[in-house]
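Whatever order the structure lists them in is the order used to number ligands and atoms, beginning at 1.
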Amino acid sequence: MVTRFRATLLYLVALVSFAAGVWWFAFTSDLRGLAARGEADLSLASGRLVGQLQQFRELSVLLADHPALTELLAGQGNVQAAERVLLRAADKTGTLEILAVSRTGLVMAASGPHRGDLGGAPYLRRPLEDGALGTYNAVNPETGIRSVTFAAPVFSPAGPVIGAVLVRARIGAIEAEWRGDAMTVAFTDDFGVVLSSNRLELLFRVRGEPTPGIEARYRGVDFLPFPDVQSFYVAGLELWRLDAGRYLPRLALHLTQPLPVIEMTGEALVDVAPSLRLAAWQALVVLALGLVAGALFLILADRRRALAERLAMEAEANVVLEKRVKERTGELSATNAALRREVEERRTAEAALKKAQADLVQAGKLSALGQMSAGISHELNQPLMAISSFAENGAAFLERERPEKAAENLGKISELAGRMGRIIRNLRAFARQEVGEVRPVDLGNVVEAVLELSEGRMKREGVELEWAPPPQPVVAMGGEVRLQQVVMNLISNAIDAMEGRSPKRLTIGLEPGTPVRLRVADTGCGIDAPDRIFDPFYSTKEVGHSEGMGLGLSISYGIVKSFGGVIRGANRTGGGAEFTVELSPCEQEAAA
Ligand code: ADP
């Protein structure tokens, strides 16, 4: 942060220095151009002034040779003729005044009313004493008229100076031509008096302390001091700072040009404010551009830094994320492996359970077979004995040659053999281990098969059976052998419950519909604990009793459940118990 602040500060300092350099360069180069233009303009103005005055100078020289004047000054001519010449010349050239003065300074002839003795006038010294052309600037204290006087000596034919011609030209008339110029132009004499300028407020102002001799020349004229000027140099050029009213520049380039011909110095003040403004604008533009570039650079740098920080943060976050993903993946793989293991264990347990269940079913069946064995042997014994007696009787009838009776006996034998065959078939089917598939089973057939096996026992025990086989097959989804086992169990339990009671009525009912219902009801002792009867090894039967294993109902429960059905046991209101098996109907049947 500190480095950034320091760098910004350094940049600003450098920028301001650079802008200052630009300002300086722009200002000085513009100043040089200004100086060149100003000098040219000043030369032009000076040239014009000098040129205009030059003609008055030449007029003085020409008139000095005029015969009317030379004769008059030599004492031979006449004043009127000379004055006519002077007046004509003054009129034609716009001269203020033309005088012809004698060797002693006496005005001999004049274009105007001027008369008198000018002896001792400083401007007469050069022509009268030295025989040379004299130039003299003056101000009339009464009229305020500024003039330049050119004094040309007049020589006698023999040689010596006999007088002089003075041509006085008015300066104001000349300067009127360049009064509107933008540049301030002033012409000062050797005393520093401003005699001509295109700014009236500068006229008659004297720069510095009045020098001796000024009084002698400008007698009676009140000079004003020149405005305060602070002069200094920039790039070798003189600049003036002054406070002299709204028509003069506050800061100006001061140019000078000596004009020896008219004994004046041309001076120009060129306003440098436009140059200053231009330089300031250029510096400002550079400053603004620099600031904009700096701001842009700062913004870009900020953005870059923010981007770098974000990237760094993202990279860091990525690392954390990757680490987390790795950890999570590890955890998930471990969980996955554990799950797989669990699934495998479950599968094994399920297989073991299934096997145990199958074993149990088989055991149950075998136990039921055991239960039935006495009855079955009785069941088979009875027809066997009947067969043997029918056979003996048949043989006797044949011996007595009563074949029709013998045939009748043989028919009964065959009927009994058929019945025995059915019982054995049912037993074999019952003992068979059925695979776990579920298919449509006719429940009427199931009941019939079981009844066939239990018929003997029921008869022996005097059980009355109420069973009306349904007119239409009642088909449910299940396994035939396993359902036989369930029904066999229910019938066996019912017969057991009715032992020693009266009446002994076993009612079996079959109701088609959804679900298909099979009811086995008895008039027995009723169920002691209806909510426990399906528990494995729950039995109220005596130990050692041929039945009492306590597995019959729990196996039946498992079988019915495996078909998606329900088995329930409850006591009947009039005494005895009723068991209901509900099974899903066969789809085709239900659809039909
Ligand atoms: P087990 O017949 O070997 O006892 P079960 O599981 O077949 O085993 O029957 C369990 C018990 O349910 C029986 O001991 C008996 O108490 C009761 N039970 C079953 N059927 C009947 C029934 N029809 N009437 C009265 N109680 C019954």
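Residue Tyr233 places its OH atom among 12 or fewer non-hydrogen atoms of other residues, nucleotides or ligands, all under 6.0 Å distant. Remark: Phe27 CZ is packed, more than 12 non-hydrogen atoms of other residues, nucleotides or ligands lying under 6.0 Å away. Surrounding CD of Glu404 are more than 12 heavy atoms belonging to other residues, nucleotides or ligands, all under 6.0 Å away. By the 6.0 Å contact criterion, CZ on Arg250 is open, its count of non-hydrogen atoms from other residues, nucleotides or ligands being 12 or less.
Between Arg347 and Glu350 there is no salt bridge, since no side-chain nitrogen of the basic residue lies less than 4.0 Å from a carboxylate oxygen of the acidic one.
Counting heavy atoms closer than 4.0 Å to ligand 1, residue Asn489 contributes side-chain atoms (C-beta onward) but none from N, CA, C or O. The side chain of Asp522, and not its backbone, has at least one atom closer than 4.0 Å to an atom of ligand 1 (non-hydrogen atoms only; side chain from C-beta on). Contacts between Ser539 and ligand 1 below 4.0 angstrom, taking non-hydrogen atoms only, involve backbone and side chain alike.
Ring geometry for Trp240 against His254 counts as parallel: the plane angle stays under 30°, on a 0 to 90° scale with 60° as the upper cut.
In terms of polar-atom proximity, defined here as any N/O pair under 3.5 Å, Thr540 does make such a contact with ligand 1. Polar contact with ligand 1: present for Lys541 (N/O pair, distance under 3.5 Å). Of the N or O atoms in Leu553, one or more lie within a sub-3.5 Å distance of an N or O in ligand 1.
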CA sep, side-chain torsions, deciding dist, call: Asp41, Val270, side-chain contact (heavy atoms from CB on, under 4.5 Å): CA-CA 10 Å; Asp41 287 348; Val270 188; over 6 Å; no
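For atom 25 (C) of ligand 1, the choice among Gly526, Gly576, Ala577 with the nearest heavy atom turns out to be Gly526. Comparing heavy-atom distances from atom 9 (O) of ligand 1 across Asn493, Asn571, Asp496, Asp535 singles out Asn493 as nearest. The nearest non-hydrogen atom to atom 12 (O) of ligand 1, considering only Val520, Ile555, Ile533, Leu506, comes from Ile533.
Residue contacts with ligand 1 do not include Gly524, since none of its heavy atoms lies under 4.0 Å from the ligand. Taking a 4.0 Å cut-off on heavy atoms, Asp528 fails to register as neighbouring ligand 1. Under the 4.0 angstrom criterion for non-hydrogen atoms, Phe534 is not in contact with ligand 1.
Screening Val474, Leu510, Leu583, Thr580 for a side-chain contact (heavy atoms from CB on, under 4.5 Å) involving Arg517 leaves a single residue, Thr580.
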